[in-house]
Amino acid sequence: MKSKMEIQSIIEELKRLYPDALCSLPYPKPYELLFAVRLAAQCTDERVNMVTPALYARYPTLEALAEADVSEVETYIHSTGFFRAKAKDIVAAAKMMVEQYDGKVPDTMEELLKLPGVGRKTANLILGDVYHKPGVVVADTHCIRITGRLGLTDGTKDPVKVEQQLRQVLPPEESNDFCHRMVLHGRAVCMARKPDCPNCTLRPWCSLFTQSQEA
DNA sequence: ATCCCGAGGG
DNA sequence: CCCTCTGGAT
(Lines give C-alpha, C1' and ligand atoms only; values in the text may rest on other atoms or scores of the structure.)
Protein backbone atom coordinates (compact mmCIF):
# COMPACT_ATOMS: atom_id res chain seq x y z
CA MET A 1 0.00 0.00 0.00
CA LYS A 2 1.10 3.50 -0.85
CA SER A 3 1.03 6.13 1.89
CA LYS A 4 -0.96 9.33 1.55
CA MET A 5 2.33 11.17 1.29
CA GLU A 6 3.60 8.97 -1.54
CA ILE A 7 0.36 9.40 -3.47
CA GLN A 8 0.61 13.16 -3.11
CA SER A 9 4.23 13.11 -4.28
CA ILE A 10 3.26 11.13 -7.38
CA ILE A 11 0.44 13.57 -8.13
CA GLU A 12 2.71 16.60 -7.71
CA GLU A 13 5.43 15.15 -9.92
CA LEU A 14 2.89 14.33 -12.64
CA LYS A 15 1.61 17.90 -12.51
CA ARG A 16 5.15 19.16 -12.94
CA LEU A 17 5.76 16.84 -15.90
CA TYR A 18 2.42 17.43 -17.62
CA PRO A 19 1.01 20.77 -16.45
CA ASP A 20 -1.90 20.86 -18.84
CA ALA A 21 -3.27 17.30 -18.57
CA LEU A 22 -4.64 17.77 -22.04
CA CYS A 23 -6.84 15.24 -23.75
CA SER A 24 -5.20 14.25 -27.04
CA LEU A 25 -8.61 14.05 -28.71
CA PRO A 26 -9.40 17.74 -29.21
CA TYR A 27 -13.09 17.92 -30.09
CA PRO A 28 -15.25 20.85 -29.00
CA LYS A 29 -18.58 19.14 -29.62
CA PRO A 30 -19.39 16.47 -27.02
CA TYR A 31 -20.70 14.00 -29.60
CA GLU A 32 -17.54 14.45 -31.69
CA LEU A 33 -15.46 13.59 -28.64
CA LEU A 34 -17.71 10.62 -27.87
CA PHE A 35 -17.28 9.12 -31.33
CA ALA A 36 -13.57 9.89 -31.39
CA VAL A 37 -13.21 7.85 -28.21
CA ARG A 38 -15.21 5.02 -29.76
CA LEU A 39 -12.84 5.10 -32.74
CA ALA A 40 -9.85 5.02 -30.40
CA ALA A 41 -10.59 1.43 -29.33
CA GLN A 42 -7.39 -0.54 -30.03
CA CYS A 43 -6.14 2.33 -32.18
CA THR A 44 -3.87 5.30 -31.53
CA ASP A 45 -5.39 8.73 -30.97
CA GLU A 46 -3.05 9.96 -33.65
CA ARG A 47 -4.78 7.80 -36.25
CA VAL A 48 -8.21 8.74 -34.98
CA ASN A 49 -7.32 12.39 -35.45
CA MET A 50 -6.34 11.59 -39.04
CA VAL A 51 -9.76 10.28 -40.04
CA THR A 52 -12.15 12.49 -38.07
CA PRO A 53 -11.71 15.74 -40.05
CA ALA A 54 -13.09 14.14 -43.22
CA LEU A 55 -15.75 12.22 -41.31
CA TYR A 56 -17.07 15.28 -39.48
CA ALA A 57 -16.88 17.38 -42.64
CA ARG A 58 -18.99 14.83 -44.52
CA TYR A 59 -21.45 14.63 -41.59
CA PRO A 60 -21.37 18.06 -39.93
CA THR A 61 -24.12 17.48 -37.37
CA LEU A 62 -25.40 14.75 -35.07
CA GLU A 63 -28.52 14.54 -37.21
CA ALA A 64 -26.42 13.96 -40.32
CA LEU A 65 -24.60 11.11 -38.59
CA ALA A 66 -27.90 9.64 -37.44
CA GLU A 67 -29.05 9.45 -41.06
CA ALA A 68 -25.71 8.36 -42.50
CA ASP A 69 -25.24 5.20 -44.53
CA VAL A 70 -23.27 2.78 -42.37
CA SER A 71 -21.17 1.40 -45.21
CA GLU A 72 -20.19 4.90 -46.28
CA VAL A 73 -19.16 5.71 -42.72
CA GLU A 74 -17.04 2.54 -42.82
CA THR A 75 -14.97 3.94 -45.66
CA TYR A 76 -14.11 7.05 -43.64
CA ILE A 77 -13.01 5.16 -40.53
CA HIS A 78 -11.57 2.01 -42.13
CA SER A 79 -7.97 2.59 -41.04
CA THR A 80 -8.89 2.75 -37.34
CA GLY A 81 -9.72 -0.96 -37.27
CA PHE A 82 -12.91 -2.70 -36.07
CA PHE A 83 -14.52 -0.51 -38.69
CA ARG A 84 -17.79 -2.45 -39.10
CA ALA A 85 -18.68 -2.42 -35.43
CA LYS A 86 -17.52 1.17 -34.99
CA ALA A 87 -19.51 2.48 -37.97
CA LYS A 88 -22.64 0.66 -36.87
CA ASP A 89 -22.26 1.94 -33.31
CA ILE A 90 -21.70 5.54 -34.36
CA VAL A 91 -24.81 5.72 -36.52
CA ALA A 92 -26.95 3.86 -33.97
CA ALA A 93 -25.73 6.00 -31.08
CA ALA A 94 -26.33 9.16 -33.11
CA LYS A 95 -29.88 8.00 -33.80
CA MET A 96 -30.49 7.28 -30.14
CA MET A 97 -29.20 10.67 -29.01
CA VAL A 98 -31.35 12.45 -31.60
CA GLU A 99 -34.49 10.46 -30.84
CA GLN A 100 -34.22 9.90 -27.09
CA TYR A 101 -31.83 12.49 -25.70
CA ASP A 102 -32.87 15.66 -27.50
CA GLY A 103 -29.76 15.58 -29.66
CA LYS A 104 -27.45 15.78 -26.66
CA VAL A 105 -24.83 13.54 -25.09
CA PRO A 106 -26.22 12.14 -21.81
CA ASP A 107 -24.55 13.18 -18.55
CA THR A 108 -25.00 10.07 -16.42
CA MET A 109 -23.14 6.76 -16.49
CA GLU A 110 -26.40 4.82 -16.71
CA GLU A 111 -27.63 6.66 -19.81
CA LEU A 112 -24.22 6.76 -21.50
CA LEU A 113 -23.89 2.98 -21.17
CA LYS A 114 -27.16 2.53 -23.04
CA LEU A 115 -25.58 4.05 -26.16
CA PRO A 116 -24.27 1.39 -28.55
CA GLY A 117 -20.49 1.22 -28.50
CA VAL A 118 -20.17 3.22 -25.29
CA GLY A 119 -18.57 1.30 -22.43
CA ARG A 120 -17.20 2.41 -19.09
CA LYS A 121 -14.04 3.93 -20.53
CA THR A 122 -15.85 6.16 -23.01
CA ALA A 123 -18.56 7.02 -20.50
CA ASN A 124 -16.05 8.02 -17.83
CA LEU A 125 -14.13 10.18 -20.27
CA ILE A 126 -17.31 12.06 -21.19
CA LEU A 127 -18.36 12.44 -17.55
CA GLY A 128 -14.93 13.84 -16.69
CA ASP A 129 -14.05 15.98 -19.69
CA VAL A 130 -17.44 17.23 -20.82
CA TYR A 131 -19.40 17.36 -17.56
CA HIS A 132 -16.50 17.78 -15.10
CA LYS A 133 -17.87 15.29 -12.60
CA PRO A 134 -15.62 14.70 -9.56
CA GLY A 135 -14.16 11.28 -8.80
CA VAL A 136 -14.02 10.14 -12.41
CA VAL A 137 -11.41 7.46 -13.17
CA VAL A 138 -10.77 6.61 -16.82
CA ALA A 139 -9.29 3.13 -16.65
CA ASP A 140 -7.84 2.80 -20.13
CA THR A 141 -4.87 0.70 -21.20
CA HIS A 142 -2.28 3.30 -20.08
CA CYS A 143 -3.94 4.01 -16.74
CA ILE A 144 -4.29 0.31 -15.94
CA ARG A 145 -0.70 -0.48 -16.90
CA ILE A 146 1.01 2.43 -15.15
CA THR A 147 -0.99 2.47 -11.93
CA GLY A 148 -0.29 -1.26 -11.73
CA ARG A 149 3.44 -0.69 -12.14
CA LEU A 150 3.44 2.14 -9.64
CA GLY A 151 1.69 -0.07 -7.11
CA LEU A 152 -1.43 2.09 -6.84
CA THR A 153 -3.51 -1.00 -7.69
CA ASP A 154 -3.02 -4.67 -6.91
CA GLY A 155 -2.07 -5.29 -10.55
CA THR A 156 -5.50 -6.36 -11.79
CA LYS A 157 -6.36 -5.69 -15.43
CA ASP A 158 -10.09 -5.48 -14.66
CA PRO A 159 -11.07 -1.86 -15.45
CA VAL A 160 -13.85 -1.79 -12.84
CA LYS A 161 -11.49 -2.94 -10.09
CA VAL A 162 -8.87 -0.41 -11.20
CA GLU A 163 -11.50 2.33 -11.05
CA GLN A 164 -12.52 1.31 -7.54
CA GLN A 165 -8.98 0.99 -6.24
CA LEU A 166 -7.88 4.33 -7.68
CA ARG A 167 -10.95 6.06 -6.30
CA GLN A 168 -9.82 4.89 -2.86
CA VAL A 169 -6.49 6.72 -3.10
CA LEU A 170 -6.99 9.69 -5.44
CA PRO A 171 -8.65 12.94 -4.33
CA PRO A 172 -11.92 13.24 -6.30
CA GLU A 173 -10.93 16.61 -7.73
CA GLU A 174 -7.65 15.18 -9.02
CA SER A 175 -8.63 11.81 -10.45
CA ASN A 176 -9.65 12.85 -13.96
CA ASP A 177 -6.54 14.92 -14.66
CA PHE A 178 -4.45 12.17 -13.09
CA CYS A 179 -5.78 9.71 -15.67
CA HIS A 180 -5.00 12.08 -18.55
CA ARG A 181 -1.46 12.31 -17.23
CA MET A 182 -1.26 8.51 -17.16
CA VAL A 183 -1.91 8.55 -20.90
CA LEU A 184 0.76 11.21 -21.52
CA HIS A 185 3.27 9.38 -19.34
CA GLY A 186 2.40 6.08 -21.00
CA ARG A 187 3.34 7.47 -24.39
CA ALA A 188 6.43 9.42 -23.38
CA VAL A 189 8.08 7.28 -20.69
CA CYS A 190 6.18 4.33 -19.25
CA MET A 191 5.58 2.46 -22.51
CA ALA A 192 4.06 -1.00 -22.54
CA ARG A 193 6.93 -2.87 -24.17
CA LYS A 194 10.03 -0.99 -23.03
CA PRO A 195 9.43 1.41 -20.13
CA ASP A 196 12.15 4.06 -19.95
CA CYS A 197 12.78 3.69 -16.22
CA PRO A 198 16.19 5.45 -16.23
CA ASN A 199 14.50 8.62 -17.44
CA CYS A 200 11.40 8.28 -15.27
CA THR A 201 11.14 10.75 -12.42
CA LEU A 202 8.39 8.69 -10.77
CA ARG A 203 10.92 6.00 -9.98
CA PRO A 204 11.27 6.83 -6.26
CA TRP A 205 7.67 5.77 -5.72
CA CYS A 206 7.41 3.03 -8.34
CA SER A 207 6.99 -0.62 -7.38
CA LEU A 208 8.17 -1.82 -10.79
CA PHE A 209 11.45 0.07 -10.56
CA THR A 210 11.98 -0.92 -6.93
CA GLN A 211 11.48 -4.58 -7.79
CA SER A 212 13.85 -4.47 -10.76
CA GLN A 213 16.52 -2.92 -8.50
CA GLU A 214 16.15 -5.59 -5.81
CA ALA A 215 16.38 -8.41 -8.36
C1' DA B 1 4.68 -10.94 -32.14
C1' DT B 2 2.85 -7.02 -29.55
C1' DC B 3 0.53 -2.83 -28.79
C1' DC B 4 -2.76 1.21 -29.63
C1' DC B 5 -6.86 6.15 -24.20
C1' DG B 6 -12.36 -0.84 -25.92
C1' DA B 7 -16.86 -2.85 -26.37
C1' DG B 8 -19.99 -6.66 -26.67
C1' DG B 9 -21.15 -11.20 -26.20
C1' DG B 10 -20.72 -16.02 -24.32
C1' DC C 1 -13.54 -15.26 -16.75
C1' DC C 2 -12.99 -15.95 -21.86
C1' DC C 3 -13.34 -14.71 -26.94
C1' DT C 4 -13.96 -11.82 -31.23
C1' DC C 5 -13.78 -7.71 -33.90
C1' DT C 6 -9.74 -5.09 -37.39
C1' DG C 7 -5.96 -2.02 -39.22
C1' DG C 8 -1.49 0.07 -38.76
C1' DA C 9 3.00 0.78 -36.53
C1' DT C 10 7.12 -1.15 -34.42
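Chain naming here is simple, since letters A, B, ... match the order of the sequence lines and numbering starts at 1 in each.
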Scan [range] for pairs that pass side chain to side chain donor-acceptor pair (under 3.5 Å), counting only residues two or more places apart or in two chains.
| range | result |
| --- | --- |
| residues 185-194 of chain A | A/Tyr18-A/His185, A/Ser24-A/Arg187, A/Asp45-A/Arg187 |
| residues 117-129 of chain A | A/Arg120-A/Glu163, A/Asn124-A/Glu163, A/Asp129-A/Asn176, A/Asp129-A/His180 |
| residues 89-99 of chain A | A/Arg38-A/Asp89 |

Can you see whether A/Glu12 engages A/Gln8 through a side-chain donor-acceptor pair at a distance of less than 3.5 angstrom? yes
Establish, from distance only, whether the side-chain atoms of A/Glu111 and A/Thr108 form a donor-acceptor pair under 3.5 Å.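 The criterion, which ignores hydrogens and geometry beyond distance, is satisfied for A/Thr108 and A/Glu111.
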Would you kindly compare A/Asp140 and A/Asp89 by the position of their nearest DNA chain B nucleotide and give the one closer to the 5′ end? A/Asp140
Mapping A/His180 and A/Leu115 onto DNA chain B by nearest heavy atom, which one lands closer to the 5' end?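 The 5'-side residue here is A/His180.
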Could you work out the separation of [N] and [M] based on their [atom1] atoms and round it to a whole Å?
| N | M | atom1 | answer |
| --- | --- | --- | --- |
| C/dT6 | B/dG10 | P | 16 Å |
| B/dA1 | C/dT4 | P | 16 Å |
| B/dC3 | C/dC5 | C1' | 16 Å |

Look at all strands and tell whether [X] reaches a base, only sugar-phosphate, or nothing, counting heavy atoms closer than 4.0 Å.
| X | result |
| --- | --- |
| A/Pro159 | nothing |
| A/Arg145 | sugar-phosphate |
| A/Val48 | nothing |

Its 5'-most and 3'-most nucleotides having an atom under 4.0 Å from a non-hydrogen atom of chain A, DNA chain B is contacted over B/dT2 to B/dG8
Full working for side-chain hydrogen bond (donor to acceptor under 3.5 Å, both in side chains) between A/Asp69 and A/Ser71: CA-CA 6 Å; A/Asp69 175 60; A/Ser71 58; 2.6 Å; yes
With a 3.5 Å distance limit and no angle check, can you tell me whether A/Lys114 reaches the backbone of A/Met96 through a side-chain donor-acceptor pair? no
Base-contact (B) and sugar-phosphate-only (S) positions in nucleotides 5-10 of chain C, heavy-atom cut-off under 4.0 Å, - elsewhere: BBBSBB
Test of understanding: with ring pair (Phe, Tyr, Trp, His ring centres under 6.0 Å), list the residues that count as partners of A/Phe83, not counting sequence neighbours.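 A/His78.
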Looking at A/Glu74 and A/Lys88, does any basic side-chain N land under 4.0 Å from a carboxylate oxygen?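 Looking at A/Glu74 and A/Lys88, the cut-off is not met.
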